J.: 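Take this structure, written in structure tokens, and hold onto it; I'll ask about it next.
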Amino acid sequence: MSIFKSKADKEFEKKRLIKKTVYDMNKQISALEEQKKIFVQKATEARKNGLEAQYNLAITGYRMTLTQQKRAQEMLLNFEITSQMKDMTMMTKQFLGGMSVLSKEMAKLADEKEFVQVQRQFEDAMGKAERQAEQMDLFMESSQDSFSSAAGTGVDESQIKEMIDQQAGMSDEFSDEAIDREIEELKKKIDSQI
């Protein structure tokens, strides 16, 4: 077995790593969902036993878990979007590489005197396009965490959020208001079980 990996092996390894990352992130989101259930159970026990400090601690833990869950879902979405963008960039890079090969072949078939300069210009342009695609890959990798901060650049976020919510037919279940409502509903539910 060769100690050097082929290009196909390296690409397979990259795809495997991407799938594993998405799997691990989904697993973490599920674990946080289970953690929320535990905090509800602990808050209920504390309330039944009149342990106000422990009740408040469980509610705080629940709120922190909701926040972590929101962050994990944002990270997952950013990762999936970036992965799709990388795939599109890779497709463009492959197209440009194929066009370069075709252009070279076409140049061989034509009169070299007329096409030598055009071929050089085209190959130079293809090289620049490939470098641009590589720079785009680097940019996308370095800007994964920037998606959420870019949302606040002068666009009325509430209008965009409202439009997306209407399209999705749902409200933002992780907004501060939604979290506060969920905490209040949780407190009422716990009180009714006592």
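Every value quoted in this text rests on a predicted model; they were computed, and no experiment measured them.
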J.: If you measure from OG on Ser6 to CD on Glu13, what distance do you get to the nearest 0.5 Å?
T.: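 Those atoms lie 11.0 Å apart.
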J.: Is it true that Glu33 and Lys36 have a side-chain N and a carboxylate O under 4.0 angstrom from each other?
T.: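 Salt bridge present between Glu33 and Lys36.
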J.: Side chain to side chain donor-acceptor pair (under 3.5 Å) with Glu130: which residues, sequence neighbours excluded?
T.: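 Checked Glu130 against side chain to side chain donor-acceptor pair (under 3.5 Å); zero matches.
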J.: Phe39 versus Leu186: any side-chain heavy-atom pair under 4.5 Å?
T.: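 SC-SC contact between Phe39 and Leu186 ruled out.
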J.: To the nearest 0.5 Å, what is the distance between CD on Gln73 and CD1 on Ile29?
T.: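 Reported to 0.5 Å precision, the distance equals 4.5 Å.
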J.: Considering residues at least two apart in sequence or located in another chain, which fulfil the side-chain contact (heavy atoms from CB on, under 4.5 Å) criterion with Ser100?
T.: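 For Ser100 the side-chain contact (heavy atoms from CB on, under 4.5 Å) partners, ignoring immediate neighbours, are Lys104, Met126.
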J.: To the nearest 0.5 Å, what is the distance between CG on Asn78 and OG on Ser83?
T.: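 These two atoms lie 12.0 Å from each other.
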J.: Can you run down the salt bridge (charged side-chain N to carboxylate O under 4.0 Å, His left out) pairs that involve residues 55-66, sequence neighbours left out, and say none if there aren't any?
T.: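 Sorted pair list: Arg63-Asp180.
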J.: Do Met25 and Met75 have side chains that approach each other closer than 4.5 Å (heavy atoms only, starting at C-beta)?
T.: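 In short, these two side chains touch, coming nearer than 4.5 Å.
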J.: How far does CD of Gln54 sit from OG1 of Thr60, to the nearest 0.5 angstrom?
T.: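 So the gap between those two atoms works out to 11.5 Å.
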J.: List the residues meeting side-chain contact (heavy atoms from CB on, under 4.5 Å) with Lys15, not counting sequence neighbours, and say none if there are none.
T.: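 For Lys15 the side-chain contact (heavy atoms from CB on, under 4.5 Å) partners, ignoring immediate neighbours, are Glu11.
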J.: Within this structure, what is the CE-CD distance for the pair Met91 and Gln94, rounded to the nearest 0.5 Å?
T.: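 CD of Gln94 is found 9.0 Å from CE of Met91.
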J.: Looking at residues at least two apart in the chain, or sitting in another chain, which of them share a side-chain contact (heavy atoms from CB on, under 4.5 Å) with Val22?
T.: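 Here the qualifying residues are Asn26, Leu76, Phe79, Glu80.
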J.: Run the side chain to side chain donor-acceptor pair (under 3.5 Å) test against Glu123 and tell me which residues pass, sequence neighbours left out.
T.: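 Partners of Glu123 under the side chain to side chain donor-acceptor pair (under 3.5 Å) test: Gln119.
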J.: What pairs with Asn56 under side chain to side chain donor-acceptor pair (under 3.5 Å), at least two apart in sequence or on another chain?
T.: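 Asn56: no side chain to side chain donor-acceptor pair (under 3.5 Å) contacts found.
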J.: For Lys128, enumerate each residue passing the salt bridge (Lys or Arg N to Asp or Glu O under 4.0 Å) test, keeping only those at least two apart in sequence or located in another chain.
T.: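 Partners of Lys128 under the salt bridge (Lys or Arg N to Asp or Glu O under 4.0 Å) test: Asp124.
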J.: Check the pair Asn49, Tyr55 against side-chain contact (heavy atoms from CB on, under 4.5 Å), reporting the backbone distance first and the verdict last.
T.: CA-CA 9 Å; Asn49 293 316; Tyr55 170 78; over 6 Å; no
J.: Taking only residues two or more places apart in sequence or in another chain, which ones pass salt bridge (Lys or Arg N to Asp or Glu O under 4.0 Å) with Asp9?
T.: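 Residues passing salt bridge (Lys or Arg N to Asp or Glu O under 4.0 Å) with Asp9: none at all.
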J.: Are Leu77 and Met85 co-members of a hydrophobic cluster defined by side-chain heavy atoms under 4.5 Å apart?
T.: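 Looking at the clustering, Leu77 is in the same group as Met85.
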J.: For Glu52 and Arg47, work out which heavy atoms get closest and say how close.
T.: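 Of all heavy-atom pairs spanning Glu52 and Arg47, the closest is OE1-NH1, 3.2 Å.
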J.: With side chains defined as the heavy atoms from C-beta onward, is the minimum distance between Arg16 and Lys19 less than 4.5 Å?
T.: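 Contact flag for Arg16/Lys19 side chains = no.
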J.: Is Lys187 salt-bridged to Asp191, going by a charged N under 4.0 Å from an acidic O?
T.: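 No, no charged N to carboxylate O under 4.0 Å.
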J.: Can a side-chain donor-acceptor contact be found between Gln35 and Tyr62 if the only test is distance below 3.5 angstrom?
T.: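 No, no side-chain donor-acceptor pair sits under 3.5 Å.
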J.: If the condition is side chain to side chain donor-acceptor pair (under 3.5 Å), which residues does Gln132 pass it with, not counting sequence neighbours?
T.: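 Not a single residue meets the side chain to side chain donor-acceptor pair (under 3.5 Å) criterion with Gln132.
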J.: Honestly curious: do Val40 and Ile183 fall in one hydrophobic cluster under the side-chain, below-4.5 Å linking rule?
T.: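 Same cluster.
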J.: Of all residues at least two apart in sequence or in a different chain, which pass the side-chain contact (heavy atoms from CB on, under 4.5 Å) check with Gln28?
T.: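 Once residues adjacent in sequence are excluded, the partners of Gln28 under the side-chain contact (heavy atoms from CB on, under 4.5 Å) criterion are Leu32.
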J.: Tell me every residue that passes salt bridge (Lys or Arg N to Asp or Glu O under 4.0 Å) with Glu34, counting only those two or more places apart in sequence or in another chain.
T.: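 For Glu34 the salt bridge (Lys or Arg N to Asp or Glu O under 4.0 Å) partners, ignoring immediate neighbours, are Lys37.
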J.: Flag yes if Leu66 and Leu57 sit in one hydrophobic cluster, no otherwise; membership is Ile, Leu, Val, Met, Phe, Trp, Tyr, and two members link when side-chain heavy atoms are under 4.5 Å apart.
T.: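 No, because Leu66 and Leu57 fall into different hydrophobic clusters, even though each may have its own neighbours under 4.5 Å.
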